Amino acid sequence: MRVVQKYGGSSVATPEKIRVVAERVAKRAKDAQVVVVVSAMGDTTDDLIALAKEINPRPAAREMDKLMASGEQISSALLTMALQNLGCDAISFTGAQAGIITEKVATKARIKKVDTKRLKEELRAGKVVVVAGFQGITDNTIWADITTLGRGGSDTTAVALAAALNSEEEPCICEIFSDVEGVYTADPRIVPDAKKLETISYEEMLEMATEGANIMHNRAVELGWVYDVEILVAHSQKDVPGTIIKKEEKDMELKNPVKGIAHDSDVLKISVCGIPDQIGIAGKIFKALTDKKISVDIIVQNVSVNGKADISFTIAEADEDKALDIINPLAEEMGASSVIVNKDVAKVSIIGSGMETQPGYAANMFQALAEEGINILSITTSEIRITCLIEEGKIKDAVRVLHKTFELEK
Ligand code: ASP
Ligand code: MG
């Protein structure tokens with residue numbers, strides 16, 4: 001039996017916490033081959049980013065990768081030392097040593113393949129392998145560049161390793177440990193009677209993760225789905241059951257079709273206004289953003305009476321500088337009258353596989369928000385999700401009223 005365990009930054013924030021994790025890992029290693037993926041200690045990654053910005057307000061992405069990857073290298077070495085101190089045979093790897101080969105895209109690289117040769121050798125030799133999360137390398141030569149997988153990317157490291165190590169003879173599961181007990185119907189800090197879910201499907205979890213539930217990296221969920229890796233999300237210190245992310249359950253129809261409420265305040269809206277209306281404008285804008293790996297969400301285009309168009313879309317707040325570098329010159333070139341940035345917005349979503357086949361959820365959602373005096377700025381949907389963009393200050397009220405409307409506390 002093989003298991004990949006991942007411990008988040010808050011679980012390895014101090015030497016004491018690293019010791020606690022080491023004890024749990026050592027116990028698990030008695031009856032399984034264990035790979036441990038760690039995040040950087042506490043807020044290390046944020047601190048490194050702040051440090052870089054003190055030196056250079058617009059640091060080069062390649063150098064950011066090298067800097068940020070060091071955080072996980074520290075925590076993986078320290079956890080390995082703690083394991084060795086308990087008499088547990090262990091070795092630490094960088095992402096590169098773990099065989100994680102990525103594309104050449106600094107700060108947001110995707111994994112191309114995992115070469116598990118050395119990992120398997122060490123596991124078979126009876127060692128616990130501690131891998132620095134969130135990083136890889138562009139190819140398997142000494143001249144390759146270090147890459148990182150995007151913020152929160154250690155989850156992706158863990159699921160990718162579990163997928164690569166999984167085989168018929170030696171099945172591998174993935175366990176994600178952090179300071180949350182599992183996946184809830186809504187953020188329990190906002191909705192005190194939110195319920196912990198026993199299971200959730202990959203599809204639902206992907207929507208939750210993408211729409212702001214800060215439990216797991218969405219790319220990790222996607223990988224789990226594609227490679228069919230069951231993922232347990234649980235607390236790193238408490239021995240209580242967590243949530244299992246797995247394939248859709250058959251009795252879905254019997255359940256409340258709305259599974260959870262997600263919200264995200266780290267979004268901003270960019271409006272490009274007064275563009276002379278011509279074919280291909282939206283294509284031009286979104287192609288340029290996609291080329292820079294900026295994901296665009298809610299998109300609205302209006303054509304005004306005098307033949308000019310406004311296009312608005314939302315992006316992650318972290319992508320603001322990169323997006324404006326593209327949008328400002330493009331807007332000028334197209335003869336747009338202005339570019340307006342609004343950070344005072346947030347997204348709230350209702351998510352659930354059962355919504356696909358039953359009508360009425362949109363109407364209930366919009367009505368509930370209206371009764372709460374919350375104005376909807378724009379809307380997007382997928383087959384299993386409805387998302388509204390609203391004023392950021394109203395986000396907690398929105399989450400609470402929707403949780404109640406769809407009776408998720410029951
Ligand atoms: N340390 C990285 C971050 O803070 C990666 C991770 O924690 O998963 O984003
Ligand atoms: Mg915001």
Side-chain angles (χ1 to χ4, degrees), residues 4-14 17-18 21 35-53 59 61-80 92-96 98 100 102 105-111 114 130-137 146-163 174-180 183 205-206 208-210 212-224 229 231-236 245 264 266 293-295 316-319 322:
V4 176
Q5 295 196 320
K6 181 251 167 177
Y7 290 90
S10 58
S11 309
V12 292
T14 62
K17 286 184 164 184
I18 291 178
V21 168
V35 174
V36 187
V37 174
V38 280
S39 291
M41 296 170 72
D43 297 328
T44 301
T45 310
D46 289 329
D47 295 345
L48 290 172
I49 294 171
L51 190 61
K53 294 213 161 155
R62 181 187 180 279
E63 307 312 322
M64 283 310 292
D65 270 350
K66 190 163 169 239
L67 181 71
M68 290 192 293
S70 69
E72 273 69 9
Q73 294 180 17
I74 294 172
S75 55
S76 57
L78 292 176
L79 177 59
T80 305
S92 72
F93 279 178
T94 61
I100 297 174
T102 73
V105 177
T107 76
K108 270 190 180 177
R110 284 182 166 260
I111 297 175
V114 184
V130 184
V131 178
F134 165 61
Q135 59 189 276
I137 195 152
I146 295 174
T147 47
T148 59
L149 310 180
R151 295 303 307 270
S154 298
D155 292 338
T156 302
T157 303
V159 178
L161 290 180
C174 187
E175 300 174 342
I176 305 280
F177 295 110
S178 68
D179 54 0
V180 297
V183 184
M205 188 62 205
L206 185 59
M208 292 281 268
T210 308
N214 278 330
I215 297 162
M216 249 187 103
H217 204 214
N218 55 359
R219 278 166 51 195
V221 181
E222 205 172 28
L223 259 182
V229 179
I231 304 166
L232 167 76
V233 177
H235 198 280
S236 63
I245 309 168
D264 187 0
D266 289 334
K293 303 255 165 195
I294 297 171
S295 359
E317 283 186 357
D319 285 334
K322 266 204 306 190

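None of these values were measured; they are calculated from a predicted model. Start at 1 and go down the list; that is how both ligands and their atoms are numbered.
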Engineer: Identify the protein heavy atom lying closest to atom 7 (O) of ligand 1, giving its residue, its atom name and the separation to 0.1 Å.
Structural biologist: Ser39 OG, 3.0 Å
Engineer: Side chains of Asp65 and Thr107: is there a donor and an acceptor less than 3.5 Å apart?
Structural biologist: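 There is no such pair (donor and acceptor under 3.5 Å, judged by atom type) between the side chains of Asp65 and Thr107.
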Engineer: Touching ligand 1 at all, Gly153? Heavy atoms, strictly under 4.0 Å?
Structural biologist: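 Judged by the 4.0 Å heavy-atom criterion, Gly153 does count as contacting ligand 1.
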Engineer: Might you point out which heavy atoms bring Phe134 and Glu72 nearest each other, and give the distance in Å?
Structural biologist: CD2-OE1, 3.4 Å
Engineer: Can you find an N or O of Arg151 that's nearer than 3.5 Å to an N or O of ligand 1?
Structural biologist: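 Yes, since at least one N or O of Arg151 sits under 3.5 Å from an N or O of ligand 1.
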Engineer: Only heavy atoms of Thr45, strictly under 4.0 Å: list the atoms of ligand 1 that pass.
Structural biologist: 1 (N), 2 (C), 3 (C), 4 (O)
Engineer: With a 4.0 Å heavy-atom cut-off (strictly under), which part of Glu72 contacts ligand 1: side chain, backbone, both or neither?
Structural biologist: side chain
Engineer: Are there over 12 heavy-atom neighbours, none belonging to Asp47, within less than 6.0 Å of that residue's CG?
Structural biologist: yes
Engineer: Apply the side chain to side chain contact (heavy atoms under 4.5 Å, CB included) test between Ile215 and each candidate in Val183, Val221, Ile245; give the one that qualifies.
Structural biologist: Val183
Engineer: Between Ser75, Ser154, Gly8, flag the one that comes closest to atom 6 (C) of ligand 1 by a heavy atom.
Structural biologist: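 Minimum heavy-atom distance to atom 6 (C) of ligand 1 goes to Ser154.
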Engineer: Looking at Lys322, I want to see if its NZ is surrounded by more than 12 non-hydrogen atoms of other residues, nucleotides or ligands under 6.0 Å.
Structural biologist: yes
Engineer: Ion pair present between Lys108 and Asp319, side-chain N to carboxylate O less than 4.0 angstrom?
Structural biologist: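 Counted as a salt bridge, because a side-chain N and a carboxylate O are separated by less than 4.0 Å.
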Engineer: Polar contacts were defined as any N/O atom of the residue lying under 3.5 Å from an N/O atom of the ligand; does this apply to Gly152 and ligand 1?
Structural biologist: yes
